[in-house]
Amino acid sequence: QLPDVVPKDWLDSTLQSIADKAAAHVGELCGQATNLSSHCEALLDPGRWTPLLEMVSESMNGLPALLATAESNLRDTMSTQCEAAQEQCAEACAAAATQATAALASVSAYAENATATAQGAADMALEQVGAMWESLDSRLGVLKTFVGTLQGNCEASTTGVAGKCAQTLLVGSNISSLVQRVANQTAYIRNINQHLVTGCGNLGRLQEQCLSLANPCAIIQNGAVSLWQLRSSEIVYLLLYLLATNSVVVFFLLCIIQFHTRSVVTVSIILNLGNLLCSTIFYFVIANYPTAMVFGTFFLLKALWYWCVRGKIAFAVRIIHCSVEALRNLLGLSVWIFGIFIIGVQAAVVALCSGAFFRLTGPNAPEEAVQLEALLPGATSCLVLFALVWIVEVLSNVLHVTVCCALGGRCGIDTPASSTCGAALFALTGGLGSICAGSFWIAFLKTFEYFIGLGEDSDNIFVKCTIKVACCAVQTVVKMYNSYAFVFVGLKGESYCEAAVRTFEVLSADGLAAVATDQALHDVMHTCKQVALWSSLLIAFLLGRSLGLIGFYDRSWQEIIVGPLLCMCLASVVSYVMTLTMGRLVEACCCTLMILYEDPHYRQLMTRSQAHICQALDEVTEGGTLTRGTAKGGSSVYTDSE
């Protein structure tokens, strides 16, 4: 029997696979065709049908080759087996020939028989192949018919789909045009929004610029920070130059006061009266008649006052001259350093009290401060102001007592300390209680004036001026009284009560000379402050220009504004500090020399050590007619042991 070389179901499975693939592909295409709205363009693409046609064409083209291959394989197999059978027969014949001649006939018959059987099997196989070819041909015809039918259906579907797609494309074009219009309108709206945002930004920047222009503090702060970051070393140099130049200016002012005291006092009085007269004329011209009347009244009173004390002006001139001479010759540089140190401490106290004021009166004030303010409005601010004024006055009077103690020791008085350092130590320890007691009244009066100002709601300028003038007059009298009382504290370390009694005795003898001296000294110091201020401003502008702090190029407009302001502030502060120190020292020397000259015992001691000072004062007092005299019993207040 012929071996089963070609499986019977081989061709059937191949055709079945081709049909399944075609059916799956067609089903996929038909399924996609049903979704007309979303896949219409894909169905119209010819590339979608090309794989099916190529696959069918390849299958049809490859089928004859496959059949030829099967026939060739079958013929090769048949030939191989026939050759093998012939070889076996030859071997059997050879073996039979060698064994027995009688078997030759039977072997030949067997060989023929085998050949006939093989030929029959080959014919049968060929018949089967032919039948299979006819079956395959009929199946291919059926497949071609199916493909043709399918192609017709697909063409019909394509035509329907094309119509639907055309409608869909028309609707899509309308929707696209509508979408484009909506997009254009949206873009226009976005452009409007962008323009609005830009306009709002410009308005915001304009608002910030307007606010910055309306807030000078912000301009000064920004300009100062920028100027400090760029030119900090130049600012330090300017400060050092101002300190040096103002020291020279103060030295020359002291020299001018010492050698031309009468001229300086006369010019100062004339300038003071002229200032009041010019203020009166100015307010009268601008039709501010109440203020003009106030300044006019001050001018008349001041002129009348100087006319009444014209006989004491000579003594005031001479004692101011002696005070400046004593400050230059008897007191050294250490008292100037101590005076500047006191001003620095006062500035620190002002800064601390300002912070306390904003802390206690601000929005985040402590609960105790809020309760106190609710019970007594203005009490918190009054307490802070009282503490500030009291501490500042105490520090000023510490310097005053130090100068009195040191100058008294150099004039032959047995004071607690003759050196400046020892006198400062005494003022800060032994005399501090008396200094605090005397400074209390000034602090109380200033606080009372502030409290009255808080409760005063009147718009009448005469009422306000009357209250202001009354408070200032009382404070001036108390300050002058304390300046003489603290001389006794510095000379002998007496308590404030004892010093006040002895001061009353001195002023009751001839207080008019003391008042005239005090007024003349204040006018002179005011003139010196003005001269030092304008000199300092001129020097500051020249140095600021040379150091690059003042300029108009390569800098922001804030720096252009802040540069001159910084020079003005530094010049004002430095000149104020130097002239304030000079005024305090000269005032302390004046009070000390006047007390020493008014008291017979102190004058006798001063004559021994500083005879030229007593001689200069005797020339204008005719041997000391301004002395306060003796006690009630006719004897001097001081004993020989003192």
Side-chain angles (χ1 to χ4, degrees), residues 253 256-258 260-324 445 449 460-484 506-534 579-580 582-583 586-587 590-591 594 617 620-622 625-626:
L253 288 175
I256 293 173
I257 294 173
Q258 181 181 357
H260 303 280
T261 310
R262 180 177 295 277
S263 300
V264 172
V265 173
T266 304
V267 171
S268 299
I269 293 174
I270 293 174
L271 290 177
N272 193 354
L273 293 175
N275 185 20
L276 292 175
L277 181 60
C278 291
S279 299
T280 303
I281 296 174
F282 172 75
Y283 284 110
F284 184 81
V285 169
I286 64 174
N288 192 350
Y289 300 114
T291 307
M293 294 178 62
V294 170
F295 278 99
T297 304
F298 286 161
F299 170 75
L300 295 177
L301 292 176
K302 192 100 175 183
L304 181 63
W305 161 253
Y306 280 120
W307 174 260
C308 294
V309 298
R310 65 186 183 279
K312 307 295 182 182
I313 297 297
F315 177 77
V317 170
R318 187 56 57 91
I319 201 168
I320 291 173
H321 168 79
C322 295
S323 300
V324 174
L445 290 174
E449 178 186 359
N460 192 341
I461 188 172
F462 290 102
V463 175
K464 293 183 178 181
C465 288
T466 302
I467 296 174
K468 189 72 175 179
V469 169
C471 293
C472 291
V474 174
Q475 292 176 25
T476 301
V477 172
V478 174
K479 277 188 176 183
M480 187 190 69
Y481 193 87
N482 283 341
S483 64
Y484 289 103
V506 172
L507 296 180
S508 61
D510 194 357
L512 194 60
V515 177
T517 303
D518 183 77
Q519 290 295 320
L521 179 61
H522 278 83
D523 289 342
V524 170
M525 289 298 106
H526 179 73
T527 303
C528 292
K529 287 180 180 179
Q530 295 298 319
V531 172
L533 175 61
W534 289 107
T579 54
L580 181 62
M582 179 184 69
V586 175
E587 181 185 11
C590 282
C591 295
M594 187 167 183
L617 294 175
V620 295
T621 58
E622 297 179 358
T625 57
L626 294 176

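Residues take their numbers from the sequence shown, with the count starting at 1.
- For the pair L445/C471, no side-chain contact is recorded, criterion being any heavy-atom separation below 4.5 Å from C-beta on.
- With a 4.5 Å cut-off on side-chain heavy atoms, T527 and V264 do not count as touching.
- If you take CZ on F295 and CG on N288, they are separated by 9.5 Å, rounding to the nearest 0.5 Å.
- Aromatic ring pairs are classed by plane angle as parallel below 30°, tilted from 30° to 60° and perpendicular above 60°; the pair Y289 and F284 is perpendicular.
- The CG atom of N275 lies 8.5 Å from the CD atom of Q530; values are rounded to the nearest 0.5 Å.
- Taking Q258 as the reference, R328 meet the side chain to side chain donor-acceptor pair (under 3.5 Å) condition, with sequence neighbours excluded.
- Under the 4.5 Å side-chain criterion, counting only non-hydrogen atoms from C-beta, V294 is in contact with F298.
- At least one side-chain heavy atom of M525 sits under 4.5 Å from a side-chain heavy atom of I257.
- Two residues are said to be in side-chain contact when any heavy atoms from C-beta on lie closer than 4.5 Å; V324 and T261 fail this criterion.
- Rounding to the nearest 0.5 angstrom, the gap separating the CZ atom in R318 from the CD1 atom in I313 is 14.0 Å.
- Remark: side-chain polar atoms of T579 are not paired, donor with acceptor, to backbone N or O of K529 under 3.5 angstrom.
- Contact between A303 and L273 at its shortest, heavy atoms only, is N-CD2, 3.8 Å.
- With sequence neighbours excluded, no residue forms a ring-ring contact (aromatic ring centres under 6.0 Å, His included) with F282.
- Within the 3.5 Å criterion, the main-chain N or O of D518 finds a donor-acceptor partner in the side chain of H522.
- The list of side-chain hydrogen bond (donor to acceptor under 3.5 Å, both in side chains) pairs with a residue in residues 470-482, not counting sequence neighbours, reads K446-Q475, E449-Q475, N482-Y496.
- In this structure, CG on L617 lies 9.5 Å from NE2 on H321, to the nearest 0.5 angstrom.
- Remark: of the listed residues L277, N272, T297, N272 is the sole one forming a side-chain contact (heavy atoms from CB on, under 4.5 Å) with K302.
- The two residues M480 and A514 come nearest to each other via the heavy atoms SD-O, 4.3 Å.
- W534 CH2: 12 or fewer foreign heavy atoms inside a 6.0 Å radius.
- Contact between T280 and G296 at its shortest, heavy atoms only, is OG1-N, 3.0 Å.
- Here the CE-SG distance, from M594 to C322, works out to 12.5 Å after rounding to the nearest 0.5 Å.
- Note: L276 CG to I281 CD1 = 11.5 Å, rounded to the nearest 0.5 Å.
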